[in-house]
K.L.:
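Pasting a structure here, questions to come.
Numbered from 1 within each chain, the chains take letters A, B, ... in sequence-line order. As the structure is a computational prediction, the values presented were derived from the model and not from experiment. Every heavy atom of this structure was used, including side-chain atoms; hydrogens, water molecules and symmetry mates were not.
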2 protein chains.
Amino acid sequence: MAAPPRTVQPARSVKRREDSLSRARILEASIELLDTCGEEGLTFRALSERLATGPGAIYWHVANKSDLLTAACDAILARTMDAVAITTPEATIRAVASALFDAIDKHPWVGSALTTAAVLSPIVRILEPIGQQVCALGVPDEQQWAAVSALMAYILGVSRQNAANGQLARTQGLDRSCFLASVSDAWSQLDASAYPFTRSAAGHIRDHDDRVDFLAGLDVVLRGIGSSRRRSHA
Amino acid sequence: MAAPPRTVQPARSVKRREDSLSRARILEASIELLDTCGEEGLTFRALSERLATGPGAIYWHVANKSDLLTAACDAILARTMDAVAITTPEATIRAVASALFDAIDKHPWVGSALTTAAVLSPIVRILEPIGQQVCALGVPDEQQWAAVSALMAYILGVSRQNAANGQLARTQGLDRSCFLASVSDAWSQLDASAYPFTRSAAGHIRDHDDRVDFLAGLDVVLRGIGSSRRRSHA
DNA sequence: ACACAACTAGAACGCCGTTCCATAATATTG
DNA sequence: CAATATTATGGAACGGCGTTCTAGTTGTGT
């Protein structure tokens, strides 16, 4: 009886031929493909060509495309979080946020993969360090979940939006500043009485730094966490 | 010379046959299809069958699938935002947030459509009312963007995650509580020393109300906005 | 009645994820 | 060392997708 394709490798105790496939090699090639060609560049055909094999062979090591994408996403997040130094609670949260923002900016596909991703591995990698630092801040137990979910939603939400904008700009063949200018123009031309805020935001959008704004918004959330903590201690 | 397919309708001045196609009819059918069959249920073939026509005919009224999805998303958001009553700034923000949470919970595909959506129409529908209320709160100009981006990231981020969880549960054929229980179990079985926070969160996850937690987190962000406003006035 | 534009419908194209299966490489057994 | 079972490979094939093409139909203006 032919065994069904392995999804989990049996710890490869013995050596096989030099050029043999492995989950690790497939993952590495997938990440390269995703980084160079974007999310729609990852296909089993392109992947098998790059690995000099057929599509069928890949399925021995990987369950399906979703499995592949989740694993690639997890690999990036693991590297990203490992590189974050732990210092003060607030500083560490800021460092985690910055690292995630940069990682998702560099690998935009991670943003969309996170939405689809199973709740298990990739999300937990982010949840755990943020949760630990929120605890270290002294947030009482019953408020921790709200604090952590606000932080995670903010960090991932803005990072994802930033990555999506970058991809949209690339699709239209514009660089960052041209893209921002075109959005700003479009917003300026909206009806003045119906869209006063969006029109006023158009000016700010034109030449802002996404990363600076991201950290400013993070401070807003952190202040919210700080003030509720103080309130409950009073 | 045959005109290229219309993407914008010429205001249909004269009547055509009763069963003629139109952008509105296509959009309506798309939303039904998305709601009943999920995001992958929207295909040009299924759509053309439901409309008793061929795939080609649809392309006369719609540029491509992305256009179709964005328009459907925009339609839902327009209805959602129109239904929100404007009262106190804080109460209105909470009402907008609640309405969006419920709309995305009911139409999970809106969540993912928003990620891809062109920055123009759908996002602006949300940006504008939130921005107006943040202004009404008295947040000074230079802090408005950080406040609004924090609110939007939080609201859309949590709503999207909630919708994604619902879809994941449906994929696995579990109802909400079974799904939460399985996540909670998985988190409980993580290594105690490496994942203390996630393990402690497992208990809370098990029988929480997403909507209640969502509003609690929203208050954290609102407090952050309030405290930074006070600080700058001091 | 005729010409021309607006619109329809379905066949066809190329690509996708996935499955199947004949075969090769390796491990295990007698 | 031969024989056999297991593990792994790769290419052909399937059904379905978004999209394009085009022959045809419906409606309008002259």
K.L.:
Looking only at the side chain of A:Asn64 (C-beta and beyond, no hydrogens), which of the listed nucleotides C:dA9, D:dT9, C:dT18 gets closest?
P.N.:
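The closest nucleotide is C:dT18.
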K.L.:
Look at A:His61 and D:dT7 and indicate whether a side-chain polar atom (N or O) is within less than 4.0 Å of OP1 or OP2.
P.N.:
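Indeed not, no polar side-chain atom of A:His61 lies that close.
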K.L.:
Identify which nucleotide among D:dT19, C:dC16, C:dA9 has an atom closest to any side-chain atom of A:Lys65, counting heavy atoms from C-beta outward.
P.N.:
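It is C:dC16.
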K.L.:
For B:Cys37, check side chain to side chain contact (heavy atoms under 4.5 Å, CB included) against everything at least two apart and list the hits.
P.N.:
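Residues passing side chain to side chain contact (heavy atoms under 4.5 Å, CB included) with B:Cys37: B:Leu33.
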K.L.:
C:dG10 P sits how many Å from B:Leu21 CG, rounded?
P.N.:
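Taking CG of B:Leu21 and P of C:dG10, I get 12 Å after rounding.
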K.L.:
Nearest nucleotide by nearest heavy atom, which residue falls closer to the 5' end of DNA chain C, B:Gly56 or A:Ser66?
P.N.:
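Checking each residue's closest nucleotide, the 5'-ward one belongs to B:Gly56.
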K.L.:
Counting only non-hydrogen atoms, which of residues 34-52 of chain A are less than 4.0 Å from DNA chain D?
P.N.:
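Here the set is A:Arg45, A:Ala52.
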K.L.:
Could you tell me whether the phosphate oxygens of D:dA8, OP1 or OP2, come under 4.0 Å of any side-chain nitrogen or oxygen in A:Trp60?
P.N.:
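Yes.
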K.L.:
Taking the side chain of B:Tyr59 as heavy atoms from C-beta outward, which of D:dT9, C:dA9, D:dG18 is closest to it?
P.N.:
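Between D:dT9, C:dA9, D:dG18, the one nearest the side chain of B:Tyr59 would be D:dG18.
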K.L.:
Please determine, for the side chain of B:Ala57, which listed nucleotide (C:dT8, D:dT19, C:dT18) has the closest atom?
P.N.:
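Among the listed nucleotides, the one closest to the side chain of B:Ala57 is C:dT8.
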K.L.:
Is any side-chain heavy atom of B:Arg25 closer than 4.5 Å to one of B:His61?
P.N.:
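The answer is no, as the side chains (C-beta and beyond) never meet within the 4.5 Å cut-off.
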K.L.:
Using 30° and 60° as the class limits, which term best fits the ring planes of B:Trp145 and A:His204: parallel, tilted or perpendicular?
P.N.:
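The rings of B:Trp145 and A:His204 sit tilted, inter-plane angle from 30° to 60°.
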K.L.:
Could you tell me if the side chain of B:Ser149 sits less than 4.5 Å from the side chain of A:Tyr154, heavy atoms only?
P.N.:
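Counting from C-beta outward, A:Tyr154 and B:Ser149 do come under 4.5 Å.
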K.L.:
Taking OP1 and OP2 of C:dA9, is either one under 4.0 Å from a side-chain nitrogen or oxygen of B:Thr53?
P.N.:
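Checking B:Thr53 against C:dA9: at least one side-chain N or O falls below 4.0 Å of OP1 or OP2.
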K.L.:
A:Leu68 CG to C:dG17 P: how many Å, rounded?
P.N.:
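In whole Å, C:dG17 P and A:Leu68 CG are 10 Å from each other.
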K.L.:
Taking only residues two or more places apart in sequence or in another chain, which ones pass side chain to side chain donor-acceptor pair (under 3.5 Å) with A:Glu32?
P.N.:
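A:Glu32: side chain to side chain donor-acceptor pair (under 3.5 Å) contacts with A:Arg50.
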K.L.:
Check this for me: B:Glu49, atom CD, are more than 12 non-hydrogen atoms of other residues, nucleotides or ligands nearer than 6.0 Å?
P.N.:
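No, because the 6.0 Å sphere around CD of B:Glu49 holds 12 heavy atoms or fewer from other groups.
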